[in-house]
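Beneath this line is the structure, given in structure tokens, with notes to follow.
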Amino acid sequence: MISNNMTTDTKINHCSFCGNHKDTVKKLIVGDTVAICSDCIDLCDQLMLDDAADSALDRTSEQQYDPSAIKEHLDAHIIGQDAAKMVLSVAIANHYKRINHPPKNLEISKGNVLLIGPTGTGKTLLAKTVAKYLNVPFVVADATSLTEAGYVGDDVESMISMLLNAAGGDPKLAERGIVFVDEIDKIARKSESASITRDVSGEGVQQALLKLVEGTVCRVPAAGGRKHPTGEMIEVNTKNILFIGGGAFVGLKEIINSRSNGTGMGFGAVIKDKKDQGDLTLMTPDDLTKFGMIPEFIGRFTTTVSVANLTKAEMVKVLTSVKNNYIDQYTYLLGIDNIELEFTEDAIDQLAENTLKLNTGARGLHTEIERVLMPHMYNTKQYRENNITKISINREEVLLPKVVG
């Protein structure tokens, strides 16, 4: 009791942690028996931020890299493509197992991934969803903008600069990230024969990517942007960065068909149904070489995943069932104006039917629903003035949108 009374009566004028007097600090927060100054609070805040950054690096090592768990997460966000999800999940799991549990007397090669399939089938979304699940930095780089170093355009190291920015400037975090190289088929060789002009955006880019994809140390600007002689540079090792290439590879099916079925001419030729021709799952590295990819480049992408066009039933699910589907998005947007949105089943069916005719995959759904809802979204102010609180879209309005005014 005596000790408590003495403590209560004694005024605390110094920080209990650093010992600074209250007059030398900005603020002194006093408790019953201790006090802490504003300088120590700032120091604690910084320590907490540092711990958070370290935990972000270690979070992936704490996760169970179960391919089935990865696929389950993909299923919630992407409709269809079961075979592609399975192959990609295994490749991703093995890649991060390799990083988090390096063997002592064994070197495991990095297995980059190549996604091949028509536009709008979910190639970019697959990579983005995996990166979000793993909580690692992720960037999408457009291969069509890449050129050899020294030519107008972005050199291949610009992708690593983008990844470093996505990692908040932390090279350790960037070295665990994922780079998705979109339109990778656009860097194919322009022709088999030699040319008097240099192919700086085709085979030249493939050559430039070889060491980067396999693993090398890049020096990239600390603040992003282009390199500058006087600018600060940060070294980033690409050995553990996962590269995922994606492309439509238009014409590849014909190459596969020519190899597997022959020319279809002559008395002994067997004519097969065109629907069964050019199956991307039958693709070989030699087919990619004939397409225009150099063998050394193909060898860096050890896992090849083919994605197929979505069926009508899958289109309907993309509209209604998948997370962040388009109907939910526009229901929310119109809900801000207190307008309820409803689609009939035959309207949804017609939207999917129209999208299939566009041949742009799931992206076409966005185009179609925007076309149908545009007059309604334009007239939301008029709807409010006339106390219209519900919009019901039927098949007829999908076929011929009406301007209600």
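A quick note: this is a predicted structure, and the numbers were derived from the prediction, not measured. All values below come from the heavy atoms of this structure, side chains included, with hydrogens, waters and symmetry mates left out.
Side-chain N or O atoms of N257 include none that pairs as donor or acceptor with a backbone N or O of K253 at under 3.5 Å. Judged by distance alone, the side chain of E314 and the main-chain N or O of T311 form a donor-acceptor pair under 3.5 Å. Using a distance-only test at 3.5 Å, with no hydrogens or angles considered, a donor-acceptor pair links the side chain of T129 to the main chain of L125. K323 places no side-chain N or O within 3.5 Å of a backbone atom of I78 that could act as its donor or acceptor partner. E340 places no side-chain N or O within donor-acceptor distance of the main-chain N or O of I391, the cut-off being under 3.5 Å. T355 places a side-chain N or O within donor-acceptor distance of the main-chain N or O of L351, the cut-off being under 3.5 Å. At least one donor-acceptor pair under 3.5 Å links the side chain of Q206 to the backbone N or O of I294. Distance alone, capped at 3.5 Å, is enough to place a donor-acceptor pair between the N325 side chain and the V322 backbone. A donor-acceptor contact shorter than 3.5 Å is absent between the side chain of Q350 and the backbone of E345. In this structure, the side chain of K123 engages the main chain of G117 through a donor-acceptor pair within 3.5 Å.
In terms of the salt bridge (Lys or Arg N to Asp or Glu O under 4.0 Å) criterion, residue partners of E368 (sequence neighbours excluded) are, by chain and number, R371. Scanning for side chain to side chain donor-acceptor pair (under 3.5 Å) contacts around D346 gives T344, with sequence neighbours left out. Listed by chain and residue number, F301 satisfy the ring pair (Phe, Tyr, Trp, His ring centres under 6.0 Å) test with F297 (two or more places apart in sequence, or in another chain). Every residue two or more places apart in sequence or in another chain that forms a salt bridge (Lys or Arg N to Asp or Glu O under 4.0 Å) with R384 is listed here: D337. Residues that satisfy the ring pair (Phe, Tyr, Trp, His ring centres under 6.0 Å) test with H77, not counting sequence neighbours, are H73. Contacts of H366 classified as side chain to side chain donor-acceptor pair (under 3.5 Å), with partners at least two apart in sequence or in another chain: Y330.
Scanning both residues, T121 and A308, for their nearest heavy atoms gives CG2-O, 3.2 Å. Heavy-atom minimum distance, G215 versus T238: CA-OG1, 3.3 Å. Considering every non-hydrogen atom in both F243 and M159, the closest pair reads CE2-CE, 4.2 Å. Taking both residues in full, the closest heavy atoms of I12 and A35 are given as CG2-CB, 3.7 Å, listed atom of the first, atom of the second, then distance.
Here the straight-line distance linking atom OG of S158 with atom CG of L146 works out to 5.5 Å at 0.5 Å rounding. Taking OG1 of T144 as the reference point, atom CD1 of I184 lies at 12.0 Å (rounded to 0.5 Å). Rounding to the nearest 0.5 Å gives a distance of 14.0 Å between NZ of K22 and OG of S38. Between L341 atom CG and Y332 atom OH the span is 15.0 Å, to the nearest 0.5 Å.
A salt bridge links K312 to D349: one of the charged nitrogens lies within less than 4.0 Å of a carboxylate oxygen. For the pair D82 and K71, the salt-bridge criterion is met [side-chain N within less than 4.0 Å of a carboxylate O]. No salt bridge links E214 with K110; every basic N to acidic carboxylate O contact stays at or beyond 4.0 Å.
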Kindly indicate, with the supporting measurements, whether the criterion salt bridge (Lys or Arg N to Asp or Glu O under 4.0 Å) is fulfilled by E175 and K172.
-> CA-CA 5 Å; E175 288 172 358; K172 290 183 179 179; over 6 Å; no
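Counting only heavy atoms from C-beta outward, the side chains of L288 and I255 never approach each other to under 4.5 Å.
Other residues, nucleotides and ligands place no more than 12 heavy atoms under 6.0 Å from the CD atom of E72.
Under the 3.5 Å distance criterion, with hydrogens and angles disregarded, a donor-acceptor pair is assigned to the side chains of T284 and D287.
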